[in-house]
Amino acid sequence: MKKTIIANWKMQLGFRDSQMLIKELKQKIKKTNSEIIVCPDYLSLSSAALVFKGTHLNLGAQDCAIKASGALTGEVSPASLRELGVTYVIIGHWERRTVLGEDSELINTKIKSALTAKLIPILCIGENLAEREAGLAKKVLLNQIKNALKDVKIKTTTGLIIAYEPIWAIGTGESIIPFEADTIHSFIKAEAAKVMGKKVRVVYGGSVNSVNANEFLKQKNVDGLLVGGASLNAKEFSLIVNN
Ligand code: PGA
């Protein structure tokens with residue numbers, strides 16, 4: 001199966017820099033065997049949709065609302081995202097869980113809302129350093145899987161992606177050993193399949209760059225990568241994609 005490479009720009013770029021990067025990516029990423037998903041901020045989604053049209057660059061949002069429409073000041077509807085040409089949406093990223101206080105119930109509702117709008121959720125899960133050091137990583141991941149995917153139904157195995165992002169590896173320059181990621185991904189796949197009845201793709205995120213990407217992609221259970229910092233530079237990201 002094709003590997004899936006996701007670029008998560010977070011809120012790192014201003015509007016003009018986002019526009020430049022969108023154009024650069026279109027130029028630099030021509031042929032690739034991977035599926036590429038680019039997730040700019042909300043403001044840049046519509047221009048990215050225009051530029052990426054007809055290319056193999058897919059569009060993802062970094063979040064979505066809990067329902068398609070209604071009185072929800074400041075929120076963005078998954079149905080509108082779909083109308084725009086967005087096909088994926090990141091849900092439950094660590095920064096939203098901790099900095100913005102999103103809990104498991106909210107994340108579960110957002111996943112269902114995304115699926116109703118025919119968006120493919122990219123569910124982020126991961127343990128923090130204290131949990132890892134206490135040997136609790138699997139327990140934490142299992143809890144996150146069970147809570148986020150409660151009563152979630154998908155039609156095919158491509159209907160949802162899980163991103164395993166150990167919190168201690170996000171933006172720190174310290175990634176997990178690829179072989180360890182492989183073992184954890186295998187566990188996540190098995191547990192998610194028990195909850196949903198389908199074995200979904202599991203991608204790795206946390207300090208991925210053009211130097212380590214290939215080692216991760218070689219692992220059997222690593223179906224792709226979620227790239228933050230290294231996706232903000234078109235040259236670096238194209239090296240990861242063309243690995
Ligand atoms: P990073 O971020 O690649 O900068 O570690 C990954 C993420 O948070 O999705």
Side-chain angles (χ1 to χ4, degrees), residues 3-13 17-18 21 25 29 34-42 44-45 48 57-64 86 88-102 107 110-111 114 119-129 131-132 137 140-141 144-145 148 160-178 180-181 184-185 188 200-217 219 222-243:
K3 301 279 181 175
T4 300
I5 319 278
I6 307 159
N8 176 14
W9 294 1
K10 309 189 181 186
M11 201 184 68
Q12 301 282 23
L13 300 174
D17 286 343
S18 295
L21 186 51
L25 286 183
I29 302 178
S34 314
E35 177 191 35
I36 318 292
I37 304 164
V38 181
C39 308
D41 66 12
Y42 283 139
S44 294
L45 279 173
L57 296 167
N58 299 286
L59 209 50
Q62 297 177 17
D63 186 35
C64 71
V86 171
Y88 290 86
V89 57
I90 298 172
I91 294 177
H93 189 279
W94 169 74
E95 287 142 16
R96 298 203 64 86
R97 289 183 194 253
T98 43
V99 186
L100 299 164
E102 291 199 358
I107 290 164
K110 285 188 175 185
I111 288 185
L119 292 176
I120 299 174
I122 301 164
L123 164 68
C124 298
I125 61 172
E127 81 286 355
N128 65 30
L129 191 58
E131 290 160 346
R132 173 178 165 85
V140 169
L141 294 171
Q144 291 174 349
I145 291 167
L160 187 138
I161 296 175
I162 295 179
Y164 169 55
E165 298 204 297
I167 294 165
W168 50 271
I170 297 177
T172 58
E174 195 190 333
S175 54
I176 200 169
I177 295 165
E180 194 184 341
I184 297 178
H185 283 214
I188 294 171
V200 294
R201 284 174 285 173
V202 180
V203 302
Y204 169 76
S207 297
V208 171
N209 54 43
S210 61
V211 177
N212 62 20
N214 204 23
E215 267 316 301
F216 283 108
L217 293 171
Q219 308 298 320
V222 176
D223 299 313
L225 303 166
L226 174 48
V227 189
S231 73
L232 299 171
N233 178 296
K235 194 168 165 224
E236 173 78 358
F237 189 63
S238 63
L239 285 173
I240 294 173
V241 164
N242 295 320
N243 246 296

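Note that the structure is a prediction, hence the values are computed from the model and not measured. This chain uses plain numbering: 1 for the first residue, then up along the sequence. In each ligand, atom 1 is the first atom listed, and ligand 1 is the first ligand listed.
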So, does N212 use its side chain to make a donor-acceptor pair with the main chain of N209 at under 3.5 Å? yes
Would you say Y42's side chain and D63's backbone share a donor-acceptor pair under 3.5 angstrom? yes
So how far is it from E35 CD to I161 CD1, rounded to the nearest 0.5 Å? 6.0 Å
What is the distance from atom CG of N128 to atom CD of E131, rounded to the nearest 0.5 Å? 3.5 Å
Apply ring-ring contact (aromatic ring centres under 6.0 Å, His included) to F216 and list each qualifying residue two or more places apart in sequence or on a separate chain. Y204
Could you verify whether a donor N or O on one side chain and an acceptor N or O on the other, from S207 and E174, lie under 3.5 Å apart? no
I'd like the contact residues of ligand 1, where contact means a heavy atom below 4.0 Å. N8, K10, H93, E165, A169, I170, G171, G206, S207, L226, V227, G228, G229
